[in-house]
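Data block below; observations after.
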There are 2 protein chains.
Amino acid sequence: MMQQGQSPIQSRRMAERAGWYGRPVTPAGTAGQGKLSDLLQVMGVASDERPAGEAYAIPVRRLRTGASLFHEGAPADHLYVIQLGNFKTLRMAEDGYEQVLGFAGMGEILGFDGLSKGQYQTAAAALEDSRVYAVPVRALDTLRQRVPAFDRALQAAVSRELRRACEIADVMSAVAAEVRLARFLVQVSSQMVERGQSPRRLLLRMNRRDIASYLGVAHATASRSFGALADAGYLKVDNRAVEIVDLDGLKVCARNTRGTLEDMAARA
Amino acid sequence: MMQQGQSPIQSRRMAERAGWYGRPVTPAGTAGQGKLSDLLQVMGVASDERPAGEAYAIPVRRLRTGASLFHEGAPADHLYVIQLGNFKTLRMAEDGYEQVLGFAGMGEILGFDGLSKGQYQTAAAALEDSRVYAVPVRALDTLRQRVPAFDRALQAAVSRELRRACEIADVMSAVAAEVRLARFLVQVSSQMVERGQSPRRLLLRMNRRDIASYLGVAHATASRSFGALADAGYLKVDNRAVEIVDLDGLKVCARNTRGTLEDMAARA
DNA sequence: CGATCGTTTGACGGTGCTCAATCACCGTGG
DNA sequence: CCACGGTGATTGAGCACCGTCAAACGATCG
């Protein structure tokens, strides 16, 4: 199980060298400030619009791997847009158990859930060295009024965040662990497509523990599920580098809300 | 188990007669139209503001029990605010399995997740006879610009919807079925408080099947969990009428991300 | 090269899913 | 008024799957 020797990819470092999930167009790195127009571009607004707000400067925050962007319960004074990198959002149960709610990448918005109560309802932590635009909540109304493009982008981003929120329910509604993992991988694959990258070669930024938490299973079970999907011929797995060999098959597998891989094989 | 004879509440009808979860202040029922000021009131905006938009009339839709407000994938042309009644939001898996994503009551917003793609990403169905304000998406921008109070209310409602979205993750992150149910009941209880009603006497509007789907367990398991919590002395259950006898105890139980009721008893 | 963290794999016991029967409740129609 | 069918809730039996515990292995970094 989990082919070792003949696999073309041996380690994460090698994977990155080989150009797996090659870094997207990295916006030229400005230090502590960013232009509003860059922010809008990251958020996916057509750049041929030249809004009046060109002059606005947006603070940029840098975070190292593992650093937390904001904590659950902290006063929600900023709204963040990811310029570069990847994050996880999570909630801490009172008994210290950490529930991962989702993963977010470039262009996605973080912290909006804090607006209604003035406190963040979730926490966010960087999965790798990252940069975010930090939009002060106090400036939100002004910005939205003066720059309609920003307003629209914000609305779309929030709606997207809502969609993301129900993806976790999608995953957890499956009973079998392998099916949950299959759904997760299909989600990641779709996001790759949205970003104009290969839907088959994934380099997961999060560790098994985070994935397991997101799937709602034990981390040992998550690991076994990777093995099961690999054995079934859907994937090639090497640590965090995952190649989807049979995407259609994986999607069929992901459909099965009830029943396991065995049942699928029996049905065929 | 599940005390029968001496229970003060025998049936749902009796429960309603007895004033359990007595209907909230029902806004005077206007037929096909509603005033914007009423809408704002339902959304929880202080009513002493008298916005310029008083003249706006908002269409009102009525739905009978079980009727669906919108389907998944349908063009998202309206945003809905619940005037009266209760709804469930759900997604249909390709294999026909129905995953309940959450429940929404008076003042809450439905359909916002459709804005980014122009199609509803979830479906919504009435759990009882209900009424909703139907705000045309095309009128959204205008309305928000002309009536700042509406804009703020909308932003708060969306943020609230995001909070609701992660409640399901909260529930599902528990391993034991009884703990999931306990968390759900604590959620419902909290909502009762937010609406200024008794946190102890619940009249659930949804059937066991919907609850089970929301909890991510089989409906037989959901039923057993009600029994278990009742046996443990936290609840009195009579069909959809639930009285929380020991709210603090229930909250303690809800904390246990891992481990079951047995473990709690052993620890004490 | 050692230390630490992350991943994989094993064994075992328990929980919950499936299937199915029974019961309670309700509206209908004879 | 009661017999009847339909829906929803509860309960039971059996077995597979997954969570817990534990150990070995692999990767990464100083």
Side-chain angles (χ1 to χ4, degrees), chain A residues 1-5 7 9-16 65-66 97 127-128 172-181 204-213 215-231 237-242 256-263 266, chain B residues 1-5 7 9-15 65-66 97 127 172-181 204-213 215-231 237-242 256-263 266:
Chain A
M1 175 181 306
M2 204 117 320
Q3 68 293 330
Q4 297 284 352
S7 169
I9 294 100
Q10 293 294 348
S11 70
R12 174 167 183 181
R13 189 186 295 155
M14 231 181 123
E16 284 179 344
T65 306
Y97 179 76
L127 293 171
E128 59 189 321
M172 294 228 205
S173 63
V175 286
E178 312 107 38
V179 178
R180 293 191 184 191
L181 179 59
L204 304 173
R205 301 311 221 275
M206 65 297 284
N207 62 24
R208 293 286 190 270
R209 196 190 169 87
D210 288 336
I211 295 178
S213 171
L215 299 185
V217 302
H219 79 283
T221 303
S223 187
R224 270 185 259 269
S225 300
F226 271 106
L229 290 181
D231 282 349
V237 180
D238 182 85
N239 212 335
R240 299 193 183 180
V242 174
N256 287 65
T257 305
R258 348 210 116 238
T260 149
L261 275 184
E262 312 285 321
D263 305 342
Chain B
M1 174 181 303
M2 203 115 319
Q3 68 293 328
Q4 296 286 351
S7 169
I9 293 99
Q10 292 294 349
S11 70
R12 173 167 182 183
R13 188 187 294 158
M14 232 181 120
T65 306
Y97 180 75
L127 293 171
M172 294 224 200
S173 64
V175 286
E178 313 107 40
V179 178
R180 293 192 185 191
L181 179 58
L204 304 174
R205 299 312 222 276
M206 65 298 283
N207 61 25
R208 291 286 189 274
R209 197 188 170 83
D210 288 335
I211 295 178
S213 172
L215 300 184
V217 302
H219 78 285
T221 303
S223 188
R224 270 184 260 267
S225 300
F226 270 107
L229 290 181
D231 282 349
V237 180
D238 182 86
N239 210 337
R240 299 194 183 181
V242 174
N256 288 66
T257 305
R258 345 211 121 239
T260 152
L261 275 184
E262 312 284 319
D263 304 343

For A:T257 and A:S173, work out which heavy atoms get closest and say how close. CG2-O, 3.5 Å
Measure CG/A:N256 against C1'/D:dC17 and give the value in whole Å, please. 16 Å
Counting only heavy atoms not in B:R208, do more than 12 sit closer than 6.0 Å to its CZ atom? yes
Specify the closest pair of heavy atoms between A:V217 and A:A222, including all atoms of both residues, with the distance to one decimal. CG2-N, 4.0 Å
Atom-pair distance (CG on A:D231; C1' on C:dT9), nearest Å: 12 Å
To the nearest angstrom, the CG-P distance between A:D238 and D:dC25 comes to 18 Å
Less than 4.5 Å apart, side chain to side chain, heavy atoms only: is that true for A:V179 and A:V175? no
Any side-chain heavy-atom pair from A:L229 and A:L261 closer than 4.5 angstrom? yes
What is the distance, to the nearest angstrom, from the CZ atom on B:R208 to the C1' atom on C:dC25? 14 Å
Side chains of B:N207 and B:R240: closer than 4.5 Å at any heavy-atom pair? yes
Gap between atoms CG and P, on B:L204 and D:dG8 respectively (whole Å): 16 Å
The helix from C:dC1-D:dG30 to C:dG30-D:dC1: angle between its terminal axes, five pairs each, to 10°? 40°
Starting at CZ of B:F226 and ending at P of D:dT10, how long is that distance when rounded to a whole Å? 7 Å
Quick one: closest heavy-atom pair of B:R209 and B:H219, and the distance? CA-CB, 4.2 Å
What is the separation between atom CD1 on A:I211 and atom C1' on C:dT7, rounded to the nearest whole Å? 11 Å
Select one nucleotide: of C:dT8, D:dA9, C:dT7, the one nearest the side-chain heavy atoms of A:R240. C:dT7
Roughly how many Å is it from CG in B:N207 to C1' in D:dA9, rounded to a whole number? 10 Å
Residues forming a side-chain contact (heavy atoms from CB on, under 4.5 Å) with B:S225, sequence neighbours excluded: B:A177, B:E178, B:L181, B:T221
Phosphate oxygens OP1/OP2 of D:dA9: is one of them under 4.0 Å from a side-chain N or O of B:R209? no
Return a single string for nucleotides 12-17 of chain C, one symbol per nucleotide in 5' to 3' order, where B is base contact, S is sugar-phosphate-only contact and - is none, cutoff 4.0 angstrom on heavy atoms. ---SSS
